[in-house]
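Order of listing sets the numbers, starting from 1, for every ligand and every atom in it. What you see is a predicted model; the values in this text were computed from it and never measured.
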Amino acid sequence: MSKLSRRNFMKTGLAIGASSFIFKASPLLPAQPEKKIIAIASSNGLKATERAMELLRQGADPLDAVIAGVNLVEEDPEDTSVGYGGLPNEEGEVELDASVMHGPTHNAGAVAALRGIKTPSKVAKLVMERCDHALLVGEGALKFAKAHGFKEENLLTERAREIWLRWKETLSERDNWFPPKSEKLPAEVKSFVDAYGTINCLALDSQGNLAGVTTTSGLAFKLPGRVGDSPIIGAGLYVDNDIGAAGSTGRGEANLLNCGSFQVVNFMAQGYSPEEACLRTLQKIAEKTKYQPHLLDKDGLPRFGLNFYALNKKGEFGAASMWSGAYYAVHDGRENKLREAAYLFKRKK
Ligand code: GLY
């Protein structure tokens, strides 16, 4: 893969190597590495990592911590890629996907194409804990949520409805829908076509336990019933408590065909750093894209975005994106900030 940015690969690899353990001084005992507590998330997850860290410091289970973190984003009407306020399918209905995975019990739960519930990640956790299944979809997922006391609500905000309506009105000049005559929105609407948002959040607690969650409204204006990678264990999320955790955002279809998060954890099991594991997984996905020529740009490179986030048992973390310019949120126990993700291909200016 000639365009793989080796310089960037090395640079961020070294940066991670430099994030060493903090040693506790003691007059009597030899210095012991202090247990790390870490929360990482996609770039829309700074408040999620902040909240997750607060809870981890109070001794919360790492799964409860990451779910409470992403709930803030699921409930935020301004994030058009997750939960309430997420962009709807082509018929104007918001359909949500989410998965959770708990390292200490190696258990997981997920919901897909769930309508009417703001916090699908909470329902995913109930699927894990309160039934003998791992994934519930559509009407069945909604019935299950309501049985557990969730309130069915309209998830389509006015902003998301207007963006959807403008998308519909500008799809074709040969149908019966017209956009308003004076209109600023179409340019903004274009930015949402092919938009795959999502939040992934991963955590390591002071006991060395890992957990993760991925939650999304999926591809904007998708076909009703379309399910992406987020609720699929092994694709949008995977946790092995002996090794590490990984999750993704971006084009779910590409990830579904390659079980990306499982690949990332497998690469970490082979000894690769979290960042290298993410890059190697992206490289495999980029290579497989040759079988789908409609997804290649004129240089033969994938013309979609895909990102992986990874955290290992030692508290090392990293993220990588198919294309340069991506960030991710990290709370390393000292500070909570966005960091630059490594990348496979450099975007042309
Ligand atoms: N990765 C989110 C989706 O494709 O739905």
Side-chain angles (χ1 to χ4, degrees), residues 40-45 48 66 70 73-74 79-91 93-101 108 110-115 117 120-121 123-124 135 137-138 141 155 160 164 191-202 212-238 245-264 278 281-282 285-286 288-289 292 294-295 302-310 319-323 326-329 341:
I40 72 168
S42 41
S43 61
N44 53 349
V66 291
V70 301
V73 183
E74 288 177 323
D79 191 311
T80 55
S81 71
V82 180
Y84 178 58
L87 290 173
N89 66 21
E90 65 174 21
E91 292 177 354
E93 289 273 1
V94 180
E95 289 185 337
L96 305 177
D97 301 336
S99 62
V100 301
M101 190 153 186
V111 289
L114 173 63
R115 296 182 179 191
I117 307 291
S121 62
V123 185
L135 170 63
V137 307
L155 303 186
W164 163 76
S191 73
F192 291 112
V193 175
D194 286 340
Y196 303 82
T198 310
I199 179 165
N200 166 250
C201 187
L202 308 170
V213 56
T214 304
T215 176
T216 189
S217 53
L219 173 66
F221 322 129
K222 62 195 172 186
L223 296 186
R226 177 264 187 192
V227 171
D229 56 336
S230 305
I232 305 303
I233 297 301
L237 179 69
Y238 193 69
S248 72
T249 61
R251 183 180 161 86
E253 282 74 6
N255 189 17
L256 279 169
L257 297 179
N258 293 279
C259 301
S261 293
F262 186 70
Q263 286 272 18
V264 172
C278 293
T281 300
L282 284 167
I285 293 172
K288 294 291 182 199
T289 307
Q292 293 178 296
H294 68 288
L295 293 176
R303 58 177 184 78
F304 54 82
L306 186 58
N307 315 290
F308 287 102
Y309 315 91
S321 178
M322 191 65 85
W323 290 95
Y327 288 82
Y328 69 117

Of all heavy-atom pairs between Met322 and Leu282, which one has the smallest distance, and what is that distance?
-> N-CD1, 3.8 Å

Proximal atoms of ligand 1 relative to Ser230 (non-hydrogen, under 4.0 Å) | 1 (N), 2 (C)

Check Pro231 against Ala112 and note the closest heavy-atom contact, atom names and distance.
-> CG-CB, 4.0 Å

Between Gly252 and ligand 1, does any nitrogen or oxygen pair lie at a separation below 3.5 Å?
-> yes

Are Asn307 and Tyr328 side-chain neighbours, meaning at least one heavy-atom pair lies under 4.5 Å?
-> no

Check Ser42 against Thr198 and note the closest heavy-atom contact, atom names and distance.
-> OG-O, 3.7 Å

Considering only heavy atoms of Thr198, which atoms of ligand 1 have at least one such atom less than 4.0 Å away?
-> 1 (N), 2 (C)

Of all the atoms in ligand 1, which lie at a distance below 4.0 Å from a heavy atom belonging to Gly250?
-> 1 (N), 2 (C), 3 (C), 4 (O)

Do you know which two heavy atoms are closest between Thr215 and Pro120, and how far apart they sit?
-> OG1-CG, 3.5 Å

Within-shell test, Arg226 vs ligand 1, heavy atom, strictly < 4.0 Å | yes

In ligand 1, which numbered atoms sit nearer than 4.0 Å to a non-hydrogen atom of Asp229?
-> 1 (N), 2 (C), 3 (C), 4 (O)

